[in-house]
Every structure is written in C-alpha cells, then in structure tokens.
Amino acid sequence: YSYLFSAFMLPVAGLWVLLLAWQGRNTPGNAHRSLVGLGSLAAVAILFLPLARNAWSISGTESVPGRAFAGAAQALVPLLATYAVGWPRWIGSLGTALVVAAALLALVGMLAPDRWLLASGLDTRDGQATADRHVTSSPGIRRGGLFLAIWLGVPLLLGGLLLARDRTLFDESRYFIFLVPALCLAWGRGLAAAWGWHRAAGWAALVVALMVTLAALPANWSPERRREAWRETAALIEAYAGPNDAVLLYPDYLRIALERYFDGDQPLFTPFTDAIADPATIDGPLQGLSSFDATWLVESHHESLDPAN
C-alpha cells in the first residue's frame with residue numbers, strides 16, 4: 001500500500017519546489033534549480049501515471065463512495081495513536097493524553113522558529129551570529145517547520161477530498177504510513193525546541209518520549225502484530241499434506257501470496273471472496289472437496305471476514 005499512497009508526496013514535493021523557487025527568485029541559479037526540480041517531478045509523475053490510472057479505475061468500480069471529509073477527524077485520531085505510541089493496548093485517559101501530547105509536540109515542532117532550534121546547541125558566545133548564518137545559507141533548514149506542515153497537511157487534505165470516492169481511505173494505518181517520517185521529524189523539532197527553551201523541560205520531554213517508546217515495544221513484538229507467515233504456512237503444508245489433500249484459501253486473493261512460496265502438488269481452491277452471510281451457501285461450492293482425504297484451510301483477514309471462526 002505504501003508505494004501507492006506515497007504518491008500523495010508528489011503534490012507535496014511540487015508545492016515545495018514552487019515555494020523554494022519563489023523564495024529564491026532573486027538568487028543566482030534559481031531558474032536552473034527550479035527547472036531541475038520540476039523536471040524531476042514531471043518524470044516521476046509520468047512513470048506513476050499507469051498505476052494512478054489503474055487505482056482510479058478500481059476505486060471507481062469496487063470502492064464504496066462516501067462524502068468529502070465525512071468522518072475524517074474520527075479516522076485520524078486512531079492513525080495518530082498508532083503512529084505516536086506504536087499500537088500498545090493503552091485505552092482510556094492515558095491513551096488520550098498521549099495522543100494529545102503527541103499532537104501538541106508535533107505542532108510545536110512545526111511552529112517553532114528555526115533559529116530556536118539552531119541556537120539551542122551552539123556556543124552561547126557566538127550562538128546568535130552562527131544561527132543567523134545557518135538560517136540564511138540553508139534553505140532546507142530555513143523553512144523546516146513549513147515543509148513538515150506541507151508534508152502532513154497536503155496528503156490529509158487530498159485524502160479528505162477522496163473520501164467522496166472511497167470512504168475507507170483512512171481505515172488502515174498502513175495506508176498513510178508515509179506520513180510517519182514527517183511526524184518523527186516534527187517531534188524531534190519539538191523536543192529540540194523544548195531543550196532550547198529550558199534544559200529541564202528538554203530532559204522531561206526526552207524521558208517521556210523514551211518511556212513511551214519502550215512501553216510500546218512489547219505490543220509491537222506480540223505475535224498478532226507479525227506479518228503473515230506465508231513461508232511457514234507453505235512449508236507446513238508441504239511437510240505434512242498427503243498426495244490426495246487439497247488447500248482451501250479464504251479469501252480468494254490470498255492465492256497470490258501462497259503461490260509465491262508453495263511448491264507442493266496439492267490443488268488450491270478459492271471459492272469465496274467476501275464475508276459469508278449465510279452458512280448454508282458454503283456447502284455447494286465445497287462439494288468438490290469431498291473426494292480429497294483432507295483439506296487444509298489457509299485463512300487471513302479473519303477479523304472482518306470470519307470473526308466467529
């Protein structure tokens with residue numbers, strides 16, 4: 001999903017190139033830099049067009065449309081919680097407090113003047129002068145907070161508009177995972193701003209960030225957070241399945257993943273795509289399995305498709 005959704009970064013990069021071109025309009029070589037930037041973006045956009053065309057076509061035929069920005073706020077809170085605390089099982093007031101703190105820290109990081117961050121770690125005898133030189137000579141540093149705001153804001157704006165075409169756009173945290181680097185950079189800038197403002201505040205913010213990160217690791221390493229074990233599944237069936245066994249995959253699109261690793265001779269059957277509303281509809285499609293000695297069931301996405309097992 002990331003290679004598709006990270007295309008939201010194209011308008012982010014385009015807007016940033018235009019802003020840098022405007023800011024440097026009176027500097028030597030600005031026209032050449034701008035043309036190189038826009039030409040590079042145009043090349044990437046052209047290469048992406050076939051994928052964009054397919055995604056747009058599929059979303060128009062298979063997705064359930066919604067309304068622009070409808071429910072976007074409620075969807076973004078779980079995303080921020082996932083990206084901020086790594087999906088630990090924190091609920092209630094503690095989880096809410098962590099999400100609010102993460103959002104505020106990111107806002108501080110985006111709004112804090114770059115001079116605050118640059119001066120915080122410099123020699124106080126000449127800190128201001130050095131900071132001024134860096135701010136003047138480094139365009140990437142000069143507008144760091146603005147760049148992160150564009151990185152986070154433009155994709156979310158476009159995603160809110162595209163809810164009119166697909167109401168599930170924000171349903172999965174992995175869709176917008178390309179926003180995580182911007183969040184981490186914003187949090188880093190926020191920590192640097194706290195450190196520059198007061199050492200005690202900086203230490204407190206760093207300790208809290210470290211504690212939250214460490215507390216989240218056990219949940220991230222829990223078995224249910226693993227990637228699906230296709231290699232192990234294929235190897236298990238190959239090791240124990242008999243020559244007259246069959247493999248049933250549910251839902252049907254799992255076949256692509258299993259076939260990548262499965263070298264056995266047992267036939268693969270994929271009769272079902274969506275959740276089965278009436279159990280009585282199962283018997284008919286499975287009649288062909290009666291001639292096999294055993295059937296191996298390979299199942300995924302069971303939380304929504306087969307919650308009762």
Side-chain angles (χ1 to χ4, degrees), residues 1-6 8-9 73-110 112 117 120-121 144-145 148-149 151-152 155-156 159 168-236 254 257 260-261 299-304 307 309:
Y1 293 92
S2 60
Y3 74 88
L4 176 62
F5 277 79
S6 56
F8 282 111
M9 290 298 292
Q74 296 90 324
L76 292 179
V77 171
L79 285 187
L80 180 58
T82 302
Y83 298 154
V85 297
W87 195 82
R89 293 190 181 89
W90 289 329
I91 57 175
S93 57
L94 177 58
T96 302
L98 289 172
V99 171
V100 171
L104 291 176
L105 185 62
L107 285 174
V108 170
M110 288 184 286
L117 280 63
S120 62
L148 294 177
W151 185 344
L152 292 168
L156 294 179
T168 66
L169 203 67
F170 293 111
D171 279 6
E172 300 287 347
S173 59
R174 61 182 179 268
Y175 293 167
F176 281 80
I177 200 169
F178 63 91
L179 296 179
V180 171
L183 276 172
C184 291
L185 290 169
W187 290 327
R189 286 174 58 90
L191 292 172
W195 184 268
W197 175 60
H198 198 284
R199 287 293 186 269
W203 275 115
L206 286 171
V207 168
V208 171
L210 180 60
M211 290 176 61
V212 170
T213 302
L214 293 176
L217 290 180
N220 280 332
W221 290 340
S222 60
E224 61 266 30
R225 300 304 294 172
R226 289 187 61 204
R227 295 296 300 265
E228 293 167 318
W230 293 111
R231 292 180 179 84
E232 294 90 334
T233 299
L236 181 71
L254 298 183
R260 173 65 177 81
Y261 303 103
E299 190 178 35
S300 182
H301 298 64
H302 62 277
E303 296 90 349
S304 57
N309 295 312

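By convention here, the first residue in the shown sequence is residue 1. On a predicted model such as this, the values are computed, not experimentally measured, just so you know.
- Ring centers of F176 and Y83: at least 6.0 Å apart, outside the cut-off.
- Taking the six-membered ring where tryptophan is involved, the planes of W203 and W195 are perpendicular, since the angle between them exceeds 60° and thus also 30°.
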Check the pair V208 / V212 against side-chain contact (heavy atoms from CB on, under 4.5 Å), numbers first and verdict last. CA-CA 6 Å; V208 171; V212 170; 4.3 Å; yes
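- A pairwise comparison of heavy atoms in P181 and W151 identifies CB-CH2, 3.7 Å as the closest pair.
- Between L254 and E299, the shortest heavy-atom contact is CD1-C, 4.0 Å.
- For the pair G190 and V108, the tightest heavy-atom approach, listed with the atom from each and the gap, is CA-CG1, 4.2 Å.
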F170 vs L156, test: side-chain contact (heavy atoms from CB on, under 4.5 Å). Steps then yes/no. CA-CA 9 Å; F170 293 111; L156 294 179; 4.0 Å; yes
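- Note: Y175 OH to T168 OG1 = 5.5 Å, rounded to the nearest 0.5 Å.
- Minimum heavy-atom separation, T213 to A209: OG1-O, 2.8 Å.
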side-chain contact (heavy atoms from CB on, under 4.5 Å) assessment of M211 paired with V207: CA-CA 6 Å; M211 290 176 61; V207 168; 3.8 Å; yes
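- The distance from the CG atom of L148 to the CG atom of L107 is 11.5 Å, given to the nearest 0.5 Å.
- Within 6.0 Å of atom CZ in R260, 12 or fewer heavy atoms from other residues, nucleotides or ligands are found, so the atom counts as exposed in its surroundings.
- Nearest heavy-atom pair across S173 and L79 is CA-CD2, 3.3 Å.
- The side-chain heavy atoms of L169 and F5, taken from C-beta on, include a pair separated by under 4.5 Å.
- M110 approaches A186 most closely through the heavy-atom pair CG-CB, 4.2 Å.
- Atom CG of L183 and atom CG of L105 lie 10.0 Å apart (nearest 0.5 Å).
- The distance from the CZ atom of R199 to the CG atom of L206 is 10.5 Å, given to the nearest 0.5 Å.
- Residue E228 holds its CD atom at 8.5 Å from OG1 of T233, rounded to the nearest 0.5 Å.
- Formation of a donor-acceptor pair under 3.5 Å by the R189 side chain with backbone atoms of A112 is found in this model.
- Side chain of W187 to backbone of A102: a donor-acceptor contact under 3.5 angstrom is found.
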